[in-house]
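Numbered from 1 within each chain, the chains take letters A, B, ... in sequence-line order.
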Amino acid sequence: MSEIPKAYEPQSVEDKWYDFWLKRGCFTADPARVSDQRPAYSIVIPPPNVTGMLHMGHVLNNTIQDILARKARMDGKEVLWLPGTDHAGIATQVQVEKALKKEEKKTKHDLGREEFLKRVWAWKEEKGGIIINQLKKLGCSCDWTRERFTMDPDYVRCVQRVFVDLYKKGLIYRGKRMVNWCPATQTALSDEEVEMKPQKGFMYHFRVQVAEKDAATRKPALQNTPNTDDNLLLHMQQKVAPVPSEDAAEKGGPQVDSEGRVWLTIATTRPETIPADTAVAVNPRDPRYAHLIGKHVYRALPLDVPKEQRIIPIIADEHVDFEFGTGVLKVTPAHDKADFEIGQRHKLPIIDVLTPDAKMTAEAGADLVGLDRFVARKKAAEILEAAGTLDKAVPYENNVGFSQRADVPIEPRLSEQWFLKYPSVEQSKACVEQEGSAGLPVGSLGETTGSSRSGDRRSGKMHFHPQRWAKVYDHWLTNIQDWCISRQLWWGHRIPVWRKVGSGDGTDMKKWFGLIDEQTKTRGRQPDIWCVYKEAPGDPSKGFFEVAASCPDDAAWLEREGFIQDPDVLDTWFSSWLWPFATMGWPEQTETLKKFYPTTDLVTGPDIIFFWVARMIMAGYEYMGELPFKNVYFTGIIRDKQGRKMSKTLGNSPDPLELIAKYGADALRFGTMRSAPLGQDVLFDEKDVELGRNFCNKLWNACRFRQMQGGEVQGEINPSLLTSDDKWILLKLHEAIKEITEALNTYNFSTAVQALYRFFWSEYCDWYVEASKAVLVKQVTEGEKLNELNRLNQSGEAQTPATHLTHLTSHPFNDSAARRANTLAVTDFVLSHTLRLFHPFLPFITEELWHGMGYSTDMPDGQGGKTIMNAPWPKPFDLEFRDAYSLDECYLEFANQKYEVVTQGRNLRRVGNIQSGKK
RNA sequence: GGGCGCUUGGCGCAGUGGUAGCGCAGCAGCUUUACACGCUGUGGGUCGGGGGUUCGAAUCCCUCAGCGCCCACCA
């Protein structure tokens, strides 16, 4: 290493070392090596979308995981970092559909299901490796021999087994419900996939005429209140005021025109759904309208239907807020969740006026049919206006649910879907440590040695970092709703359910149930096939058989016998929620599972706490009987420097690979970590990466300086030859080790990075290296020394910074060869420790320097390794000088006086005279 | 409507009871023999407002304001 370049050139070494690690199997985990002396450490990667590209969020997330994994290896643990990718149902299917349209001007329907799926697989084969390679460029030390994909054949079996099991337990059921429908992708979505966004629109006030002639007569309020349980319950839940405020009572109310007709004014943002209204609702305790309850109105649209056929009732429902709008609500059971429930309560008919792609149906009338919902909205308002029943349209902003994936407003839509009643909810809720609750990982001894890191065994609790997310998690679990798990897509895990029409009382019954029994017996497996008979309403003898089966063999005979498989696929998260154990060989009790489950840490973003984290915990309990991980670290969301979310459309998302090419992977890692405080959002700035590069260069040159001093690696430090400089830097190193170790054990990554930076740059480079030049570089005569001292004393420059120490050399041993060797020994000691402290953060440069410096041989602390990956994590050390020099009295000696180095301000502060010993 | 977070020099952030810090940017210098991806020096902040606890508050408590995020069926 005699002619090392002046600047660090990451491009020339990164691939070399990554190959080196791979060839040596440094990342490979072996359950057989796990023992009491070598405990297991495991982490499963949040699987990125298989066809996705690496973005800054991945960089942050995976750098943290890599730091944890590398640190655990250096701690002597058997580490499994299990990688893989997710099939990402909607995202991938949409991508392929787009490409198909662009390149061949075809839709998926032109190809058919089978052919389309072939295309998606081809797409996956082509693009699937990209993100994996990007992770390798970043230096991720995943065990690539265990890479998994959520649609691997084994994984498919897991998903189906779980489905059948939950089906058997009655937790999975099929139901006709209001779901979130995405008109763009034409599939149902779960509640979590809907994002509320404020939308500008209009509040249309329109009038409807009351059909009854005696409507003008008022009756006292309250008497007509249907005293149903539902209403009472609603009343209690919503804490509705018993009577409207005077303000509300004054306003609005029915209007009587000159001809004696009575009109109600209704406020709505969606006039296009008027043809689907099947009632008008008022609050039962609203005196303005009480006398009208039970009467009827003529629905305003469609106009081409005779008035008499548009009669709908005026009903009373507690859901109506009399303070809002006019206090009259149009009830559209087919197109609004709340209205649907009102409809159920009052047994209202349902009229659907929207097609799956959100265009108006014939039911909406000749004027609207075929129009897109937003076009129809305007048109409906125009029709009302022309008819003279539109009072006003006032600009209005309200929250509208958007499909997260397709970014279009969702439609509440009645459809038949599969739902899951979540399993193991109570256990999952109880296992996460809440803030302020008992059993915090601080022992009575006041020790914090890694206790939060390893999880608190006594309470069997899981820890969230930062802990405040536990509250969010708890709140969601408390108000948990059944999960809509079916998707009307083609790419994904097809629902393993087959159906066949049959009779429930005769031969069919015997035949199918018998056959299934036989299948179960002959194959001697757990009942992973389950059959139910569902009666047709009103006729128990007519219905259908529904079989849930997870074995591929079953699919074959079921289809031979004329059973038809459900066309839908499962929500992507229905496969990812099994990730921690499905990737380890479940349901087989593999060695991997035995040794590495539950995993130690999970690193992910808080945006998928419901999608993924909570569900994994529930699946973990249900199928492993244990929590899937002991700690969850939530990263911040990466934003640009203006605080905006990174997005493709804004074009503010830098390509990590370009940054790596420009600055090096270590620089990117370091810059990202340095700007990512605990659980706070991260404002990304390329300057941070530049800083990372500068830091690597500094490290490079510090080692280069040591190289230029020549000589072999110095193994032994002679305590009796230590100068105050030596003692000072050794103590600072000792402190830094403690601080960094503690910070990493408590997931305070930014604290660790800060400490590394401060120790290495401000303390080691700025002070120790400069001071050591006095011994290593400069040979100064006594006369020169005196002259310099006099000059300094006269000029008042006593508070002189580091570099000038070079000229002074007040050390007593500066001309001694032994002293010089000892300084080199201290330098080697500090550098070899520093490289190891840096390795989790900067894997490439530290490996390069570890070899270049010759530290691959045994180090003074008696431990080493051929790769820095196997070198032990530095421990606070104990040298003789510590008895003589406590931290309090460790100063730099300079010009016969003692100086305390205030490293953060880089100032010298004179604290005493050496000879007098006074402070 | 509920919950959470943030507010410290021009910008981005550390700092949880005891004399305001880091990085970037600025300014003035430096061909000092590891590093200009560097070195030295330097300017710049009444720590969002108000009140309280305390010998002492950026730090604890209360309150107000602004910004952001999450959850929630007000048409």
Quiz item: Considering only B:A75, B:C39, B:A14, which nucleotide approaches the side chain of A:T269 most closely?
Solution: B:A75

Quiz item: Closest to the A:T268 side chain: B:A72, B:A75, B:C4?
Solution: B:A75

Practice problem: Go through B:G3, B:C35, B:C74 for me and flag the one nearest to the A:D321 side chain. | Solution: B:C74

Practice problem: Rounded off to whole Å, could you give me the CD-to-C1' distance for the A:E195 and B:C69 pair? | Solution: 11 Å

Exercise. Could you work out the separation of B:C13 and B:G51 based on their P atoms and round it to a whole Å?
Key: 29 Å

Practice problem: Please determine, for the side chain of A:D766, which listed nucleotide (B:U40, B:C22, B:A75) has the closest atom? | Solution: B:U40

Practice problem: Rounded to the nearest angstrom, tell me the gap between atom CH2 in A:W761 and atom C1' in B:C22. | Solution: 13 Å

Exercise. Measure the distance from CG on A:N283 to P on B:A75 and round it to the nearest whole Å.
Key: 17 Å

Quiz item: Using Watson-Crick pairs (N1 to N3, plus N6-O4 or O6-N4) and G-U wobble pairs, both distances under 3.5 Å, which stems of at least 3 pairs involve RNA chain B?
Solution: B:1-7 with B:65-71, B:10-13 with B:21-24, B:26-30 with B:38-42, B:48-52 with B:60-64

Self-check item: Nucleotide nearest A:A7 (side chain, heavy atoms from C-beta), chosen from B:C39, B:C4, B:C37
Solution: B:C37

Quiz prompt | Among B:G23, B:C73, B:C71, the one nearest A:L691 by side-chain distance | solution = B:G23

Practice problem: May I ask you to check if A:R285 and A:F322 form a cation-pi contact, with NZ or CZ under 6.0 angstrom from the six-membered ring centre and within 45° of the axis? | Solution: no

Quiz item: For RNA chain B, whose closest nucleotide is more 5', that of A:C696 or that of A:K471?
Solution: A:K471

Self-check item: Pairing residues for A:E14 by the salt bridge (Lys or Arg N to Asp or Glu O under 4.0 Å) criterion, not counting sequence neighbours
Solution: none

Quiz item: B:G3 and B:U63: how far apart are their P atoms, nearest whole angstrom?
Solution: 12 Å

Quiz item: For A:K197 and A:N399, what are the C-alpha separation, side-chain angles and deciding distance, and is it a side chain to side chain contact (heavy atoms under 4.5 Å, CB included)?
Solution: CA-CA 5 Å; A:K197 287 192 193 177; A:N399 280 329; 6.0 Å; no

Quiz item: Taking atom C1' of B:C11 as reference, at what distance in whole Å does atom CG of A:D685 sit?
Solution: 9 Å

Quiz item: How far does the C1' atom of B:G45 sit from the matching atom of B:G12, given to the nearest Å?
Solution: 15 Å

Practice problem: Determine, for A:R207 against A:D391, whether the closest basic-nitrogen to carboxylate-oxygen distance falls under 4.0 angstrom. | Solution: yes

Exercise. For A:K6, enumerate each residue passing the salt bridge (Lys or Arg N to Asp or Glu O under 4.0 Å) test, keeping only those at least two apart in sequence or located in another chain.
Key: none

Quiz item: When you check the phosphate oxygens OP1 and OP2 of B:C39, does a side-chain N or O of A:K698 lie under 4.0 Å from one of them?
Solution: yes

Self-check item: Integer angstrom distance from the C1' of B:G43 to that of B:A28
Solution: 10 Å

Quiz item: Base, sugar-phosphate, or nothing for A:N399, non-hydrogen atoms under 4.0 angstrom?
Solution: base

Quiz item: Of the nucleotides B:G23, B:C74, B:A34, which one has an atom closest to the side chain of A:F705?
Solution: B:A34

Self-check item: Rounded interatomic separation in angstrom, taking OH from A:Y764 and C1' from B:C35
Solution: 13 Å

Self-check item: Nearest listed nucleotide, side chain of A:F610, among B:C22, B:C39, B:C71
Solution: B:C71

Quiz prompt | A:N694 side chain near B:G38 phosphate (N/O to OP1/OP2, under 4.0 Å) | solution = yes

Quiz item: Any side-chain N or O of A:Y8 under 4.0 Å from OP1/OP2 of B:A34?
Solution: no

Practice problem: Answer yes or no: is there an ion pair linking A:E318 with A:R345, defined by an N-O contact shorter than 4.0 Å? | Solution: no

Practice problem: For nucleotides B:G52 and B:C11, find the distance between their P atoms and express it as a whole number of Å. | Solution: 31 Å

Self-check item: For atom CG of A:N748 and atom P of B:G15, their distance in whole Å
Solution: 8 Å

Quiz item: With rounding to whole Å, what would you report as the distance between B:U40 and B:U53 at their P atoms?
Solution: 46 Å

Practice problem: Could you give the distance separating B:U59 and B:C6 at their P atoms, to the nearest angstrom? | Solution: 13 Å

Quiz item: In terms of side-chain heavy atoms, does A:Y422 have a donor or acceptor partner in A:R615 at a distance below 3.5 Å?
Solution: yes

Practice problem: Please identify each residue that fulfils salt bridge (Lys or Arg N to Asp or Glu O under 4.0 Å) with A:R299, with sequence neighbours left out. | Solution: none

Practice problem: Would you kindly compare A:A702 and A:W476 by the position of their nearest RNA chain B nucleotide and give the one closer to the 5′ end? | Solution: A:A702

Quiz item: Which nucleotide, B:A75, B:C4, B:C71, lies nearest any side-chain atom of A:H475?
Solution: B:C71

Quiz item: Between atom NZ in A:K392 and atom P in B:A75, what is the gap in whole Å?
Solution: 16 Å

Ignoring hydrogens and angles, write down the donor-acceptor pairs under 3.5 Å from the side chains of residues 661-672 of chain A, residues two or more places apart or on other chains.
residue, atom, partner, partner atom, Å
A:K662, NZ, A:E686, OE2, 2.8
A:Y663, OH, A:E686, OE2, 2.8
A:D666, OD1, A:F844, N, 3.3
A:D666, OD2, A:F844, N, 3.4
A:D666, OD2, A:I845, N, 2.7
A:R669, NE, A:F841, O, 2.9
A:R669, NH1, A:D66, OD2, 2.8
A:R669, NH1, A:L138, O, 3.0
A:R669, NH2, A:D66, OD2, 2.9
A:R669, NH2, A:P840, O, 2.7
A:T672, OG1, A:L668, O, 2.6

Quiz item: Which whole number of Å gives the distance between the C1' atom of B:G9 and that of B:C70?
Solution: 32 Å

Exercise. Rounded to the nearest angstrom, tell me the gap between atom CG in A:D336 and atom C1' in B:A72.
Key: 14 Å

Exercise. Choose from B:C24, B:A34, B:A75 the nucleotide whose nearest atom is closest to any side-chain atom of A:K687.
Key: B:C24

Would you be so kind as to tabulate the donor-acceptor pairs closer than 3.5 Å made by side chains of residues 198-206 of chain A, with sequence neighbours excluded?
none

